[in-house]
Peer 1: 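Let me give you the structure first, and then I'll get to my questions.
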Amino acid sequence: MVTRTGTRRWREGAVVAATFVVCLLGGTVRVEDTLTAPPPASWLLALVSCAVLPARRRRPLAVLAFTTAAGVAAQPLGLLLSPPVIAPALVAAYACTLHVPGERRAAGAVTLTAVALLAGSVPLAGDLSWRDASRIGTVVAAPLLAGLIGHAVRTRRAYLAAVEERARRAEESRELEARRRVAEERVRIARELHDLVAHQITLANAQATVAAHFFDSRPEQTRVSLRELVETTGHALDELRATVGLLRHTGDGDAAAPEGPAPGLARLPDLLESFRRAGLEVAVREEGRARALPPGVDLTAYRIVQEALTNVTKHAAGRGARVGLDWGGGRLTVTVSDDGGAPGGPPALSDRPPGYGLIGMRERAAAVGGELTAGPCPEGGFLVTARLPLPPARDPAAAGEEGRAAGTTGTGRPDGGIEGTT
């Protein structure tokens with residue numbers, strides 16, 4: 001198999017050989033347009049000027065100067081200066097426009113070559129005839145034409161290189177974009193699984209802790225806790241199955257995909273009741289007039305309350321928490337805090353290592369254009385505050401309808417709010 005280097009060498013040899021033949025044949029032309037055998041001067045000129053052509057890519061200016069000087073010496077050697085005689089200079093001019101850095105520098109070198117050949121083609125004796133003028137014009141124009149061809153090839157190569165570079169960068173950008181989307185999807189899946197499953201697992205752990213704590217002293221309470229534990233684990237399995245089905249849904253009518261709506265504040269009473277069964281005292285307070293939320297904001301508010309109460313169950317020393325919903329100021333402010341007091345029942349799960357709950361809540365809030373802050377309270381305990389954007393309010397009649405609709409999410413208060421304490 002012929003290698004790329006071998007192909008280049010064969011091409012280089014063919015160019016030098018062809019140039020040598022053309023230069024040698026150019027020496028056979030005489031002034032009277034007669035042909036003779038190549039004189040020794042023609043052989044010498046062809047050999048000397050073609051010998052340096054292999055170095056035209058590494059030393060283009062030096063090779064161009066040498067071949068130009070050889071062409072100018074043709075007339076003193078008794079040869080007729082014509083385009084075939086200066087064939088090595090034409091090849092060097094072409095290579096010069098390709099390999100010399102800077103287009104102006106290459107153009108200047110080719111122009112100087114044309115000027116030198118013009119001076120060397122003037123007859124040394126006799127008058128200048130029209131035939132001589134035509135020959136001189138051809139000699140001068142030949143290196144300029146070779147330079148223009150080289151410039152066109154150089155421009156074409158630069159254009160193709162730029163196109164290839166843009167295609168390469170576009171391919172890299174597509175790969176980076178695909179990797180970014182894969183990473184975002186992995187984070188989303190991890191966040192969904194954490195929010196949906198960790199809540200139930202934490203409640204099951206708390207209920208098992210209650211059952212173990214009252215196993216000897218209060219058998220009835222132990223049986224109640226075990227029944228709630230079975231119910232909680234069943235819910236956990238159902239939510240895990242629904243979540244996996246949602247993540248695997250391709251949108252092409254998959255029958256296994258869940259059809260129910262995403263959870264929102266309408267399911268907040270059920271969520272709070274699950275924590276109360278696990279032994280966490282939850283108080284809820286709502287201020288302002290509730291309104292319909294976009295699905296993304298509704299889900300985010302629900303998940304933040306869920307995760308914050310899960311963290312209270314896992315890490316807080318006390319067994320009480322407060323949930324607040326404030327609909328004022330053009331945004332929904334969700335607050336969740338714990339009392340920070342001493343445990344009133346079985347030991348809390350405070351020895352659990354910290355996870356990704358706060359990170360996930362911040363990501364959810366930022367995804368819908370909101371913000372979330374979390375930190376210890378001055379009076380003790382821990383406070384999570386999420387500020388989520390609300391859609392623009394409609395006319396009062398529509399707002400009243402939305403408020404009455406939102407009131408169904410509570411425990412039946414006449415003003416449409418939700419409030420409860422265990």
Peer 1: Applying salt bridge (charged side-chain N to carboxylate O under 4.0 Å, His left out), can you list everything that pairs with Glu177, at least two apart in sequence or on another chain?
Peer 2: Arg180, Arg181

Peer 1: Could you grab the distance from atom CG of Leu24 to atom CH2 of Trp43, nearest 0.5 Å is fine?
Peer 2: 5.0 Å

Peer 1: Decide side chain to side chain contact (heavy atoms under 4.5 Å, CB included) for Ile304 and Val336; before the verdict, give the C-alpha distance in whole Å, the side-chain angles of both, and the deciding distance to 0.1 Å.
Peer 2: CA-CA 9 Å; Ile304 289 176; Val336 180; 5.5 Å; no

Peer 1: Stepwise, does the salt bridge (charged side-chain N to carboxylate O under 4.0 Å, His left out) test hold for Glu307 with Arg303?
Peer 2: CA-CA 6 Å; Glu307 178 60 27; Arg303 293 300 186 206; over 6 Å; no

Peer 1: Mark yes or no for whether Arg362, through its side chain, and Thr373, through its backbone, hold a donor-acceptor pair below 3.5 Å.
Peer 2: no

Peer 1: Filter on salt bridge (charged side-chain N to carboxylate O under 4.0 Å, His left out), then keep only pairs touching residues 54-74, sequence neighbours left out; what's left?
Peer 2: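 Sorted result for residues 54-74: Glu12-Arg56, Glu12-Arg57.
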
Peer 1: Out of curiosity, Arg364 CZ to Ile359 CD1, how far, rounded to the nearest 0.5 Å?
Peer 2: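 CD1 of Ile359 is found 14.0 Å from CZ of Arg364.
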
Peer 1: Check step by step if side chain to side chain contact (heavy atoms under 4.5 Å, CB included) holds for Thr335 and Val323.
Peer 2: CA-CA 6 Å; Thr335 58; Val323 177; over 6 Å; no

Peer 1: Please evaluate residues Val384 and Ser337 with respect to the criterion side chain to side chain contact (heavy atoms under 4.5 Å, CB included), reporting the C-alpha separation (whole Å), side-chain torsions for both, the decisive distance (0.1 Å), and the verdict.
Peer 2: CA-CA 6 Å; Val384 175; Ser337 61; over 6 Å; no

Peer 1: Among all residues two or more places apart in sequence or in another chain, which pass the side chain to side chain contact (heavy atoms under 4.5 Å, CB included) test with Pro294?
Peer 2: Val297, Pro391

Peer 1: Arg11: what forms a salt bridge (charged side-chain N to carboxylate O under 4.0 Å, His left out) with it, not counting sequence neighbours?
Peer 2: none

Peer 1: Can you list everything that forms a side chain to side chain contact (heavy atoms under 4.5 Å, CB included) with Ala301? Sequence neighbours excluded, please.
Peer 2: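 Side chain to side chain contact (heavy atoms under 4.5 Å, CB included) list for Ala301, sorted by chain: Leu265, Leu332, Val334, Leu388.
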
Peer 1: Give the C-alpha distance, both sets of side-chain angles, the deciding distance and a yes or no for side chain to side chain contact (heavy atoms under 4.5 Å, CB included) between Thr19 and Leu53.
Peer 2: CA-CA 9 Å; Thr19 305; Leu53 287 181; 3.8 Å; yes

Peer 1: Are any non-hydrogen side-chain atoms of Met361 and Leu358 less than 4.5 angstrom apart?
Peer 2: yes

Peer 1: Measuring from atom CG of Leu47 to atom SG of Cys23, what distance do you get when rounded to the nearest 0.5 angstrom?
Peer 2: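 Answer rounded to 0.5 Å: 9.0 Å.
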
Peer 1: Give me each pair satisfying salt bridge (charged side-chain N to carboxylate O under 4.0 Å, His left out) with a member in residues 102-113, each pair once, sequence neighbours excluded.
Peer 2: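 Not a single pair qualifies under salt bridge (charged side-chain N to carboxylate O under 4.0 Å, His left out).
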
Peer 1: Atom CZ in Arg166, atom CZ in Arg168: separation rounded to 0.5 Å?
Peer 2: 12.5 Å

Peer 1: Evaluate whether atom CZ of Arg169 has more than 12 neighbouring non-hydrogen atoms of other residues, nucleotides or ligands under 6.0 angstrom away.
Peer 2: no

Peer 1: Is there a donor-acceptor pair closer than 3.5 Å between any side-chain N or O of Arg322 and the backbone N or O of Val282?
Peer 2: no

Peer 1: Taking the side chain as everything from C-beta on, heavy atoms only, tell me whether Trp327 gets closer than 4.5 Å to Glu286.
Peer 2: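 Heavy-atom side-chain distance check passes, below 4.5 Å.
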
Peer 1: Would you say the side chains of Arg387 and Thr333 form a donor-acceptor pair under 3.5 Å?
Peer 2: no

Peer 1: Got a donor-acceptor contact below 3.5 angstrom from the Asp338 side chain to the Phe382 backbone?
Peer 2: yes

